[in-house]
Student: 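Structure provided below as C-alpha cells; questions to follow.
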2 protein chains.
Amino acid sequence: MGADLHEVTAVRLGESGGRYTRQRRHLVEILERAGMPLAIPDILRGRRNLAQSSVYRNLAALERAGVVRRVPADEGFGRYELTEDLTEHHHHLICSSCGRVQDVEVPEDLEREVDRTLDRLARRAGFASVAHRLDLIGRCGRCATRGTAARA
Amino acid sequence: MGADLHEVTAVRLGESGGRYTRQRRHLVEILERAGMPLAIPDILRGRRNLAQSSVYRNLAALERAGVVRRVPADEGFGRYELTEDLTEHHHHLICSSCGRVQDVEVPEDLEREVDRTLDRLARRAGFASVAHRLDLIGRCGRCATRGTAARA
DNA sequence: CCAGGACATGAGAATGGTTCTCATCATCAT
DNA sequence: ATGATGATGAGAACCATTCTCATGTCCTGG
C-alpha cells in the first residue's frame, strides 16, 4: 500500500470523469499523513496556496470517486478522511469536549460479530448493502485533566 | 415509563435553570411519538404555531437538560431524539440514499461485548467515560426497489 | 390584586460552514 | 497549434443554526 494509493485514486477519479491534478494529489497526501479525519481549517492551516473553495470542491470530487469520506461530527462542521478500503477499517474516538477525533481499530472477532448481527437486523428491517459505523464518545486525556464541566 | 417522562423532563429542566413550558412539553411529545430522530422541518411541518427560532432554542435547552440529543447525520443538518435513558438504548439504520433514519435495538450480549471492548480500547488511548455510537449504513427498502445510483 | 423579576417567545437579523458562479488556466486529443 | 473539457481562485450565494431584542408569561412577595 502507500505507493499505489495514488494509482488507485487516479483510476477512480478517471472513472468518475475527473483528473488527478496536483492539488488533489496534495490533498490525498495530507489526509494520508494525518491518519485522522481533518477539518477544512486543519487542511488550510499554513498552506496559503490552497483556495478554500477548491479544497471543498476537490474533497467533494474525491468523495464522489470513492477515495475520501466525509465524517459527520457533532461540531457543526465536517471532517474528511481517506476511505477505508484505502487504509484499514477503523473507528473513531471522539472527544465530546474538544471535538478531537482519533482513529482506533477494534479486534477482528468483534468486527465480525458486529457485522453479522447488524446485517441480520438490517435485513429484517428491509435495509440492504450495509456497512457499520462504530464510534466511541468520551473525553480525551487532555480534556479529562483540566475539568471541563459538561452537565450539572 | 411514558407517564413520568414529563416529570423527569420537568425536574431536569428545573435543575438546569429552565421551565417546562407548554411548547417544550409539546416538543417532547412530538419526539416521543416519532420514535425516530426528527429534523427541524419534520417538527415544523404542519404546525404553524411553532416559531423556528424557538424550536431551536428549546431543543438546545432540552439538550442542556439531558432530555434530548442531537444526532449528527451526514445530511448537512441535524436530527433530534429523546436521550437513551428516557427511551431504550438503541442504534440507527441510516439510508445512505434518502437519509431516512430508523431506530434498531441490538441484542444485549453484543451490546455488552462492544461496550467492554471499546472501554478497554478507549482507556488505552487515554479516553475516559465512554459511550458508544453504532450505526448501520445501507439502503432502505424504498430506495432499494427504485434504483438510485450512488456510485459507478 | 399589583408590581417586579426571571425566564420564554417570535420575528427577523447575523453567523458560519458549505456550495455555486464565473472568469481565467491547465491539460489532453485531434 | 487549437479547441474542448475540466480545474482553479475569489467572491457571492445559500442554508442550517444562533443571536438580538422587543414583547409576553409566569411566579413571587408585598
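Every chain is numbered from 1, with letters handed out A, B, ... down the list of sequences.
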Student: Starting at CZ of A/R19 and ending at C1' of C/dA29, how long is that distance when rounded to a whole Å?
Tutor: 11 Å
Student: Round to a whole Å and report the spacing from CZ of B/R25 to C1' of C/dA8.
Tutor: 16 Å
Student: Between C/dA26, C/dA11, D/dG9, which nucleotide gets closest to the side-chain atoms of A/A51?
Tutor: D/dG9
Student: Can you tell me if B/R47 has over 12 outside heavy atoms packed within less than 6.0 Å of its CZ?
Tutor: yes
Student: Could you tell me how far apart A/N49 (CG) and D/dA7 (C1') are, to the nearest whole angstrom?
Tutor: 15 Å
Student: Consider salt bridge (Lys or Arg N to Asp or Glu O under 4.0 Å). Of B/R79, B/R69, B/R70, B/R133, which one does A/D74 pass it with?
Tutor: B/R133
Student: In whole Å, I'd like the distance from the CZ atom of B/R57 to the P atom of D/dT18.
Tutor: 12 Å
Student: Rounded to the Å, how far apart are B/R48 CZ and C/dT9 C1'?
Tutor: 18 Å
Student: May I ask you to verify if any side-chain N or O of A/Y56 is less than 4.0 angstrom from the OP1 or OP2 atom of C/dT18?
Tutor: yes
Student: Closer than 4.0 Å, any side-chain N/O of B/N58 to the OP1 or OP2 of C/dA8?
Tutor: no
Student: Assuming nearest nucleotide by heavy-atom distance, tell me which of A/A60 and B/L50 is located more 5' along DNA chain C.
Tutor: B/L50
Student: By the 4.0 Å heavy-atom rule, please label B/Q52 as base, sugar-phosphate, or nothing.
Tutor: base
Student: Classify B/R24 by what it touches in the nucleic acid, base, sugar-phosphate, or nothing, heavy-atom distance under 4.0 Å.
Tutor: sugar-phosphate
Student: If you pin A/Y20 and B/R22 to their nearest nucleotides in DNA chain D, which one's is more 5'?
Tutor: A/Y20
Student: Using 30° and 60° as the class boundaries, would you call the ring planes of B/H132 and B/H91 parallel, tilted or perpendicular?
Tutor: parallel
Student: So does B/R22 have more than 12 non-hydrogen atoms from other groups sitting under 6.0 Å from CZ?
Tutor: no
Student: Starting from P on C/dG10, measure out to CG on B/L59 and report it in whole angstrom.
Tutor: 13 Å
Student: Could you state the atom-to-atom distance from CG of A/L38 to P of C/dT18 in whole Å?
Tutor: 13 Å
Student: Between A/S53 and D/dA10, is there a side-chain N or O to OP1/OP2 distance below 4.0 Å?
Tutor: no
Student: Reckon A/T21 touches a base, only the sugar-phosphate, or nothing at all at heavy-atom distances under 4.0 Å?
Tutor: sugar-phosphate
Student: What is the distance, rounded to the nearest whole Å, between atom NE2 of A/H26 and atom P of D/dG9?
Tutor: 12 Å
Student: With heavy atoms under 4.0 Å as the rule, sort A/F77 into base, sugar-phosphate or nothing.
Tutor: sugar-phosphate
Student: Taking only Lys NZ, Arg NE, NH1 and NH2, and the carboxylate oxygens of Asp or Glu, determine whether A/D42 and A/R45 approach each other closer than 4.0 Å.
Tutor: yes
Student: What is the pairing partner of C/dT30, taking Watson-Crick or G-U wobble pairs with both distances under 3.5 Å in any strand?
Tutor: D/dA1
